[in-house]
Amino acid sequence: LKLIILGSGSATPSLLRNPSAQILNEADQNYLIDCGEGTQIQLIKYKIKIHKIKNIFISHLHGDHYFGLIGLISSMNLAQRKEPLTIFGPKGLDEIITIQLKYGQSNLHFKLDFVAINCTSALKIFENEFLDVTAFPLNHRIPCFGYLFSQKGKPRNLIKEKLPIDISVDEILKLKNGENVLDEIGRVKFNYLQMTTQQTYPKKYAYCSDSAYYENIIDTIKNADILYHEATFKEDLINRATFTHHSTAKQAAKIAHLANVKKLIIGHFSSRYHDLSENLEEAKATFTNTMLAIDGESYEI
Ligand SMILES: [Zn+2]
Ligand SMILES: [Zn+2]
């Protein structure tokens, strides 16, 4: 899994930072997460193939998270896209995009599906052979959702010399899936830990877009390999953060600590910050393994 930041700024585009957009790359698919204005240009700049985007996840309907969507859809159409595209996002997004296409008399050559997210607790919204995506509510001025991307575990490797000669195919499949094989009265006949090894452990990436400090998300994002959490302000502007339903760098770090994640990436920075070293220091004081989201940077998960 690889994360590429396309935009780490908030509110308005600036010469320093684009508004929110990210690519999560896995197994030849690019999952686009938020699509602020200018995302198309960022995709070109960082050589990300748009035909590999099959699913888009929009957190909420503030413009800095989706104003790039209609342009991207139009470009996909001009490129003669035939593959269907699915957009997950809050209720109303389908109406907005549909009306833009209607008055431009744009007939799409591909199927465009919308999935309206309207959950009040964590809910699995997508699944394919590689990963699951769970949406969960954040605490913002309008409905806003975070997304948890959970890679699926690959089957375990058999340790051939430990397998008995008379083991059946069904029993082998159970071991490969990480289950013990039991006898008729429920005792462990073959222990999967003794007969298999794990290839790679499945990774988790949690995207927490605009939100005030919100401990309700902790259970859902627990133990994530990377947590992206907005940190629009520093702690000296905590009143402004509370008023606008955003977080400070310190608050993002506190969530990372309580959720026991491995790494924190902070982003969605206010355009008032040019140098972000103090924002980073503030977060690191609470959660050491913190990095800044920087446009164009990749992060291995
Ligand atoms: Zn925003
Ligand atoms: Zn917002």
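For the single chain, residues carry numbers from 1 onward in sequence order. What's counted below: heavy atoms across the whole structure, side chains too, no hydrogens, waters or symmetry copies. As the structure is a prediction and not an experimental result, all values here were calculated from the model.
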Which distance, rounded to the nearest 0.5 Å, do you find between the [atom1] of [X] and the [atom2] of [Y]?
X      : Y      : atom1 : atom2 : answer
Glu282 : Leu276 : CD    : CG    : 11.5 Å
Ile226 : Asn289 : CD1   : CG    : 9.0 Å
Leu258 : Ile221 : CG    : CD1   : 9.0 Å
Ile4   : Ile33  : CD1   : CD1   : 10.5 Å
Asn216 : Asn139 : CG    : CG    : 8.0 Å
Ile23  : Leu32  : CD1   : CG    : 4.5 Å

Should we say atom [atom1] of [X] is surrounded by more than 12 heavy atoms from elsewhere, each under 6.0 Å from it?
X      : atom1 : answer
Lys152 : NZ    : yes
Glu179 : CD    : yes
Lys234 : NZ    : yes
Arg240 : CZ    : no
Lys254 : NZ    : no
Lys154 : NZ    : no
Phe110 : CZ    : yes
Lys160 : NZ    : no

Verdict with supporting geometry, Leu72 and Leu43, side chain to side chain contact (heavy atoms under 4.5 Å, CB included) = CA-CA 10 Å; Leu72 181 63; Leu43 290 166; 3.8 Å; yes
Over all heavy atoms of both residues, which pair between [X] and [Y] is shortest? Give the atoms and the distance, please.
X      : Y      : answer
His51  : Arg81  : CA-NH1, 4.1 Å
Ile266 : Ala283 : CD1-CB, 4.1 Å
Ala259 : Ile218 : CA-CG2, 3.9 Å
Leu61  : Tyr66  : O-CE2, 3.3 Å
Ala122 : Pro137 : N-CD, 4.3 Å
Ala135 : Cys119 : O-SG, 3.8 Å

request  = Please list all pairs passing the side-chain hydrogen bond (donor to acceptor under 3.5 Å, both in side chains) test where one or both residues lie in residues 12-27, with sequence neighbours left out.
outcome  = Gln22-Tyr205, Asn25-Asn30, Glu26-Gln151
note = Applied to residues 92-111, the side-chain hydrogen bond (donor to acceptor under 3.5 Å, both in side chains) test, sequence neighbours excluded, yields Lys111-Asp113
task = Please assess His65 against His140 for the test ring-ring contact (aromatic ring centres under 6.0 Å, His included), listing each intermediate value before the final yes or no.
result = CA-CA 13 Å; His65 297 260; His140 199 39; 7.5 Å; no
inquiry  = Please enumerate all residues that pass ring-ring contact (aromatic ring centres under 6.0 Å, His included) together with Tyr147, with sequence neighbours excluded.
reply    =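 Scan of Tyr147 (ring-ring contact (aromatic ring centres under 6.0 Å, His included), adjacent residues dropped) gives Phe57.
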query = How would you list, by chain and number, every residue that makes a ring-ring contact (aromatic ring centres under 6.0 Å, His included) with His245, sequence neighbours excluded?
reply = none
Is there a donor-acceptor pair under 3.5 Å between the side chain of [X] and the backbone N or O of [Y]?
X      : Y      : value
Gln194 : Asn191 : no
Glu171 : Ser168 : yes
Asp34  : Ser59  : yes
Gln198 : Arg156 : no
Glu230 : Ser211 : yes
Asp210 : His246 : no

request  = Let me see the working for Ile265 and Tyr299 under side chain to side chain contact (heavy atoms under 4.5 Å, CB included), right down to the final yes or no.
outcome  = CA-CA 9 Å; Ile265 299 176; Tyr299 306 78; 3.6 Å; yes
inquiry  = Set out, in order, the CA-CA distance, both residues' side-chain angles and the distance that settles side chain to side chain contact (heavy atoms under 4.5 Å, CB included) for Ile125 and Asp132, then state yes or no.
reply    = CA-CA 8 Å; Ile125 54 158; Asp132 290 339; over 6 Å; no
inquiry  = Side chains of Asp295 and Ser8 only: does a donor on one sit below 3.5 Å from an acceptor on the other?
reply    = yes
request  = Would you check, one step at a time, whether the test side chain to side chain donor-acceptor pair (under 3.5 Å) holds for His257 with Thr286?
outcome  = CA-CA 7 Å; His257 171 72; Thr286 301; over 6 Å; no
query = So Tyr201 and Asp225, side chain to side chain donor-acceptor pair (under 3.5 Å) or not? Walk me through it.
reply = CA-CA 11 Å; Tyr201 96 97; Asp225 294 274; 2.2 Å; yes
ask   = Tracing side-chain links under 4.5 Å among I, L, V, M, F, W and Y, which residues wind up in one group with Leu158?
value = Leu163, Ile167, Ile172, Leu175, Val181, Phe190, Tyr192, Leu193, Met195
query = Tell me the ring-ring contact (aromatic ring centres under 6.0 Å, His included) pairs involving residues 208-240, sequence neighbours left out?
reply = Tyr207-Tyr228
query = Is there a side-chain contact between Ile217 and Ile255 (heavy atoms, below 4.5 Å)?
reply = yes
key: Within-4.5 Å side-chain heavy-atom neighbours: Lys2 and Ile301   = no
ask   = Just one of Val133, Val115, Ile56, Ile58 clears the side-chain contact (heavy atoms from CB on, under 4.5 Å) bar with Phe88, so which one?
value =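 So the option named by the test is Val115.
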